[in-house]
Amino acid sequence: MIKISLPDGSIKEVENGSSALDVAKSISQGLARNVLSASFNEKTVEVNDPLPGDGSLVLYTWDNPEGKTAFWHSSAHLLAQALAQLYPGIQLTIGPAIDNGFYYDVDFKGQEFGEADFSKVEKLMLENARQKSEFKLRAISKADALDFYKGNPFKTELIENLEDGTITFCDHANFTDLCRGGHIPNTGFIKAVKIMSVAGAYWRGNEKNPQLSRVYGTSFPKAALLTEYLELLEEAKRRDHRKLGKELELFTFSQKVGQGLPLWLPKGAELRERLEQFLKKAQRTAGYSPVITPHIGNKELYVTSGHYAKYGKDSFQPIRTPDESEEYLLKPMNCPHHCEIYKSSPRSYRDLPIRYAEFGTVYRYEQSGELHGLTRVRGFTQDDAHIFCTPDQLKAEFQKVIDLVLYIFKTLDFQNFTAQVSLRDKEDRSKYIGSDENWEKAENAIKEAVIEKGLDYVVEYGEAAFYGPKLDFMVKDALGRQWQLGTIQVDYNLPERFELEYKGSDNESHRPVMIHRAPFGSMERFVAVLLEHCAGNFPLWLMPTQIAILPISDKYLDYANKVSSLLKNYDLRALVDQRAEKTGRKIRDAEVAKIPYMLIVGEKEEGDETLSVRRHGGSDLGSMSIADFIKHIDAEVAAEIGEFE
RNA sequence: GCCUGUGUAGCUCAGUUGGCCAGAGCAGCUGAUUUGUAAUCAGCUGGUCGGGGGUUCGAAUCCCUCCACAGGCUCCA
């Protein structure tokens with residue numbers, strides 16, 4: 001007998017050779033039916049394999065992320081099996097579980113595969129699933145593994161990088177795949193399957209490598225869950241910022257202007273302006289000085305900064321002047337310009353920190369396939385600022401920026417953000433410029449600042465900017481894709497390259513440290529993510545049109561216009577629906593336009609100088625005097641914005 | 001840039017074995033209606049079927065090519 005301890009603290013005695021599944025059966029039949037994976041002594045094990053001895057066991061079902069991972073990982077095997085059956089001669093590479101499903105990268109060896117083929121793959125997968133084939137993991141020697149995959153350069157490469165003695169294959173039915181393990185008991189658990197898309201993916205993510213076809217799929221233990229998931233995707237589509245942006249007339253694109261170059265329509269521009277004013281006010285409080293710099297700069301400037309060497313190919317081609325020796329670049333970054341402003345005058349330690357802020361529009365030649373609505377464009381405006389400070393001031397300045405970012409996220413109700421500390425790649429240091437010593441200092445300053453602020457964060461190695469480590473604030477869009485919004489970056493390198501100096505109290509020259517920071521990130525991306533976050537129902541203070549005044553008939557137009565001009569005097573944004581439509585229609589249109597407040601005015605309201613107030617979404621707030629309504633709105637806006645201290 | 005798709009009126013979409021003059025709803029315009037909490041009625045306007053080239057007696061439909069968009073891959077705000 002062996003002793004198995006379970007998460008609830010209980011200890012189960014089971015016979016030698018029992019599997020995780022046997023333990024589940026000894027607890028309850030219901031559990032046994034639902035167990036998808038297990039970990040033994042904190043290591044993932046095969047649920048069907050005998051447990052090696054005493055230890056602690058955790059069983060996972062669909063309700064645990066571990067269970068889903070095993071489920072989708074196993075589904076990837078099922079997909080590979082079906083593809084291999086349908087397309088003889090294809091080469092399999094890798095097929096991991098991902099956030100909402102799985103994919104498999106295959107080389108179709110020239111065979112056609114497109115959307116039209118999805119249903120036959122799904123059908124075959126389900127057919128195979130019904131066989132209830134067990135997944136069996138077995139050890140294999142490196143030599144045998146290489147022999148098995150002779151002729152498949154991808155698997156061969158994977159195996160070569162593995163240690164002999166640790167290599168395992170997974171068999172189910174008559175299908176075998178290189179695999180490290182973690183499977184569901186058998187294929188019968190997979191009840192619903194959907195191939196989502198097929199896309200090109202370079203082997204190991206490197207565009208110099210051959211391109212494979214990545215087949216994306218998802219699967220579920222119940223058909224109803226698949227339906228539910230597809231409905232969720234539909235809902236996400238309704239929240240898509242590209243759709244809402246069009247409907248709410250915020251922005252557009254024109255082929256004639258160019259790819260990735262957003263055109264802000266009046267309502268969108270107004271919204272964006274309000275966001276800018278909001279941040280400018282907070283930045284005034286925080287001691288920033290506004291600066292303004294031009295849209296182009298001499299190429300030499302970016303050669304000095306190192307941007308040209310690193311991002312030259314991602315820039316628009318240089319602009320030439322009639323003077324042949326001159327080359328200008330559409331500015332891809334604002335920092336070199338700000339460095340030159342710093343240098344425009346000698347600086348003393350008494351001047352620091354200096355904080356230059358600019359809503360600077362920058363241009364980057366993103367590959368056409370990269371462009372995506374407002375979240376990835378070729379011309380965008382950063383809410384950029386550069387803080388020049390002494391090394392002693394770095395941590396405090398960094399923390400002040402964190403406060404500013406958190407204030408913004410709080411005001412706009414972004415609760416589900418991820419703070420990511422991005423550090424250098426541990427192995428490859430060649431991607432970065434600057435001394436090890438400075439990198440160490442910068443990385444430590446960020447870590448300390450984040451810990452002292454009590455921020456939840458994850459550390460990502462290799463995600464740093466080429467000139468320094470950073471702290472990024474990531475938010476997910478409607479489809480679950482993660483985008484970087486706010487960013488705070490420490491930089492010892494630009495001060496060096498631009499030979500920035502200040503005179504210390506010791507009358508010696510010293511080098512300042514720079515912080516690059518953009519709490520929104522870019523206005524374009526921020527508006528996009530905000531739009532999806534609130535499904536177009538922006539907070540009242542941001543709404544381009546806050547109030548729709550709806551006269552019952554044109555007899556009350558005069559009163560409606562009078563109310564409108566009164567509201568405008570209070571800096572409120574109202575429109576009067578002058579159409580000869582029925583009230584029901586006017587309300588519907590205002591609802592569809594997501595206007596927060598509707599004021600219905602007719603005979604009664606005109607008589608006693610009141611308003612009949614309706615809130616977007618259907619609630620009737622009843623009758624109110626104009627003064628009370630203004631107070632009501634002011635209170636709502638004040639509650640939304642709060643003060644930055 | 002590459003892979004897989006998509007592109008018909010301002011918007012959403014029909015037109016899918018090539019065949020009268022390319023359709024609908026919404027929006028817009030004109031008129032009637034003077035209306036009380038999610039769509040009043042009628043009429044009218046609006047299209048180089050993404051651009052170019054080709055096959056054909058005949059192309060939105062088939063072929064080639066370019067462009068844009070969408071979902072991915074690398075990078076990044």
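All chains are named by letter (A, B, ...) in the order of the sequence lines, taking the proteins before the strands, and each is independently numbered beginning at 1.
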Quiz item: Heavy-atom contacts under 4.0 Å between residues 114-124 of chain A and RNA chain B, which residues?
Solution: A:G114, A:E115
Practice problem: Using a 4.0 Å heavy-atom cut-off, write out nucleotides 10-17 of chain B from 5' to 3' as B (base contacted by protein), S (sugar-phosphate only) or - (no contact). | Solution: --S-----
Table of protein N/O atoms under 3.5 Å from nucleotides 65-68 of chain B N/O atoms:
{"from": "B:rC67", "atom 1": "O2'", "to": "A:Q255", "atom 2": "OE1", "distance (Å)": "3.4"}
{"from": "B:rA68", "atom 1": "OP1", "to": "A:Q259", "atom 2": "OE1", "distance (Å)": "2.7"}

Quiz item: Within this structure, what is the CD-to-C1' distance between A:E247 and B:rA27, rounded to whole angstrom?
Solution: 13 Å
Quiz item: Roughly how far apart, to the nearest Å, are B:rG19 and B:rG15 at atom P?
Solution: 13 Å
Practice problem: Would you classify A:A199 as touching base, sugar-phosphate or nothing, given that sugar-phosphate means primed atoms plus P, OP1 and OP2, and contacts are heavy atoms under 4.0 Å? | Solution: base
Quiz item: Checking all strands, does A:K586 fall into the base, sugar-phosphate, or nothing category for heavy-atom contacts under 4.0 angstrom?
Solution: nothing
Quiz item: Base, sugar-phosphate, or nothing: which does A:G602 touch, judged by heavy atoms less than 4.0 Å apart?
Solution: base
Exercise. Select base, sugar-phosphate, or nothing to describe what A:Q484 touches, counting heavy atoms under 4.0 Å on all strands.
Key: sugar-phosphate
Practice problem: Could you tell me whether A:K470 contacts a base, only the sugar-phosphate backbone, or nothing, with contacts defined as non-hydrogen atoms closer than 4.0 Å? | Solution: sugar-phosphate
Quiz item: How does protein reach along nucleotides 37-43 of chain B, written 5' to 3' as B (base within reach of a heavy atom under 4.0 Å), S (only sugar-phosphate), or - (no contact)?
Solution: BBBB---
Practice problem: Quick one: label A:G379 by what it contacts on the DNA or RNA (base, sugar-phosphate, nothing), any heavy atom closer than 4.0 Å. | Solution: nothing
Quiz item: Are A:K562 and A:D558 ion-paired here, with the side-chain N under 4.0 Å from a carboxylate O?
Solution: no
Exercise. Determine the contact category for A:G521: base if any of its heavy atoms lies under 4.0 Å from a base atom, sugar-phosphate if only primed atoms, P, OP1 or OP2 are that close, otherwise nothing.
Key: sugar-phosphate
Quiz item: Considering the options A:R242, A:K237, A:K243, A:R238, which one meets the salt bridge (Lys or Arg N to Asp or Glu O under 4.0 Å) requirement together with A:D240?
Solution: A:R242
Quiz item: Within a reach of under 6.0 Å around NZ of A:K194, are more than 12 heavy atoms found that belong to other residues, nucleotides or ligands?
Solution: no
Practice problem: For A:V377, answer base if it contacts any base atom (sugar-phosphate contacts may also be present), sugar-phosphate if it contacts only those atoms, and nothing otherwise; contact means non-hydrogen atoms under 4.0 Å. | Solution: base
Quiz prompt | Side-chain donor/acceptor of A:K331 to backbone N/O of A:P294, under 3.5 Å | solution = yes
Quiz item: Which parts of residues 544-557 of chain A get close to RNA chain B, meaning a heavy atom less than 4.0 angstrom away?
Solution: A:I552, A:S553, A:D554, A:K555
Practice problem: Return yes if a side-chain donor-acceptor contact under 3.5 Å exists between A:Q420 and A:T418, otherwise no. | Solution: no
Quiz item: For A:L485, which contact category applies under a 4.0 Å heavy-atom criterion: base, sugar-phosphate, or nothing?
Solution: sugar-phosphate
Self-check item: Dot-bracket pairing map - RNA chain B, Watson-Crick plus G-U, both contacts under 3.5 Å, | cross-strand
Solution: (((((((..((((.....[...)))).(((((.......))))).....(((((..]....))))))))))))....
Quiz item: Which part of the nucleic acid, if any, lies within reach of A:Y216 when heavy atoms closer than 4.0 Å are counted: base, sugar-phosphate only, or nothing?
Solution: sugar-phosphate
Practice problem: Determine, for A:E249 against A:K267, whether the closest basic-nitrogen to carboxylate-oxygen distance falls under 4.0 angstrom. | Solution: yes
Quiz item: Would you call A:F380 stacked on B:rA77, i.e. ring centres under 5.5 Å apart with the planes less than 30° off parallel?
Solution: yes
